[in-house]
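As the structure lists them, so they are numbered: ligands from 1, and atoms in each ligand from 1.
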Amino acid sequence: MGKTWFEVAQERIQVAGEKLGTSPEIIEILKHPLRSLQVSIPVKMDNGKTKIFTGFRVQHNDACGPTKGGLRFHPSETFDDVKALATLMTLKCAVVGIPYGGSKGGIICNPKEMSQGEIERMSRGYIDAIAYFIGPDKDIPAPDVYTNPQIMAWMVDEYEKIVGHKAPGVITGKPLIVGGAKGRGNATAMGGLYTTREAAKVIGLDMKSATAAIQGYGNAGSFAAKLLYKDGVKIVAATDSKGGVYNPEGIDPFALYDYKTEHRTVQGFPGAQDISNEALLELDVDILVPAALQAQITGENASRIKAKIITELANGPVTPEADPILTQNKVLVIPDILANAGGVTVSYFEWVQNIYGYYWTEEETYEKLERIMKDAFHRTHEMFKKNEGGITMRMATDMVAVERVAEAIKVKGWV
Ligand code: GLU
């Protein structure tokens, strides 16, 4: 059997720690979540029967601040995946230098087969089960796979009823009317754009004459396409789970978005030819944006990738086997924990605004986000350059993160 996702995450910490000369005790601390909770949630279903759902919440490390991380609703959710993702959240928050540790939660369920009422009762039941485990100064959930602002609103409401006072900062990614932040919805794509612009600068690529292909035309992917287009980049291809479209002359991503909204797929967009998800990855473009699934660029196809920059908006689209091949071929990978960190960064802004009770404009949000993403990119790229030949961009990102968390652990006197 291959390694589990959590084992891969542990190995990444080991490698980054050893390269940095981090003490073995600190590496050991970082290889294990501090706290893990498994809960059973009884939910009255619409048919009158009660069904028991299993949920998890894992707090990986809190040396830098309260733990932070999303909540996934998925039929194949596992405790191992939640531990892995909690570990990666510690690294993600540390890469961008926001004052949080990492956590993640999940419920094994299939929300596509549940009514809104059932989802609401399950979400409230989950909060009933974990209320004293979370808090604005302890652990702060947010949306992730198959969860959304509405679910966050139910959860905040339930939490506030239990603790007996308002506490909007306990959960981020809320609807605007109950303390959400302007710009949170598109923050992941925005953060991806800021890092891509910096990557283009370091390799001497002019965005105005660049081409891009986007895998996944959902929220993050479609918005990223529109942002790149506004920068002058020619979008030549885009795919979704049903298939894709290609036009070497360029595709208008706004028109494509409208088409997708109407037809529920990008397939058949006028003036473009069909392309598969696999073929899109191997197109001769400058910028490749995987914004859909994990494990898309593997040991098998990595050597055929022609892009100069890969911006990982999805979590884990490039496998550990593919990384060294891409590095060898001079493809600049912006790893997920850096490229998609705009989401959690604007979650941080939301939490700050909740504490202040004072709300920013979208312009203020993006101005602050841009600064953070640029800094994080350059810090990572400098680490990569300093160790040129010996490491991948992913290792550089992990090293920047582990270095920060290790310092916090040290000054707090845990070892
Ligand atoms: N779920 C997102 C992530 O994995 C956002 C987490 C957050 O906002 O706390 O980065």
Notebook entry, point to check: Are Asp139 and Lys68 close enough for a salt bridge, meaning some N to O gap below 4.0 Å?
Noted result: no
Margin query: Using 30° and 60° as the class boundaries, would you call the ring planes of His381 and Phe384 parallel, tilted or perpendicular?
Written below: tilted
Item checked: Glu407 and Arg404 ion-paired at < 4.0 Å -> no
Notebook entry, point to check: So, are Lys182 and Glu362 salt-bridged, with charged N and O less than 4.0 Å apart?
Noted result: no
Notebook entry, point to check: When you look at Lys161 and Asp157, which way does the salt bridge (Lys or Arg N to Asp or Glu O under 4.0 Å) test go after all the steps?
Noted result: CA-CA 6 Å; Lys161 282 181 188 159; Asp157 184 61; 3.1 Å; yes
List of N/O pairs, ligand 1 versus protein, all under 3.5 Å?
residue	atom	partner	partner atom	Å
ligand 1	1 (N)	Pro143	O	3.0
ligand 1	1 (N)	Asp144	OD2	2.8
ligand 1	4 (O)	Lys92	NZ	3.2
ligand 1	4 (O)	Lys104	NZ	3.0
ligand 1	4 (O)	Asp144	OD2	3.4
ligand 1	8 (O)	Arg184	NH2	3.2
ligand 1	8 (O)	Ser347	OG	2.5
ligand 1	9 (O)	Lys68	NZ	2.7
ligand 1	10 (O)	Lys92	NZ	2.8

Check: Which residues pass the side chain to side chain contact (heavy atoms under 4.5 Å, CB included) test with Asn315, sequence neighbours left out?
Finding: Lys92, Asp336, Asn340
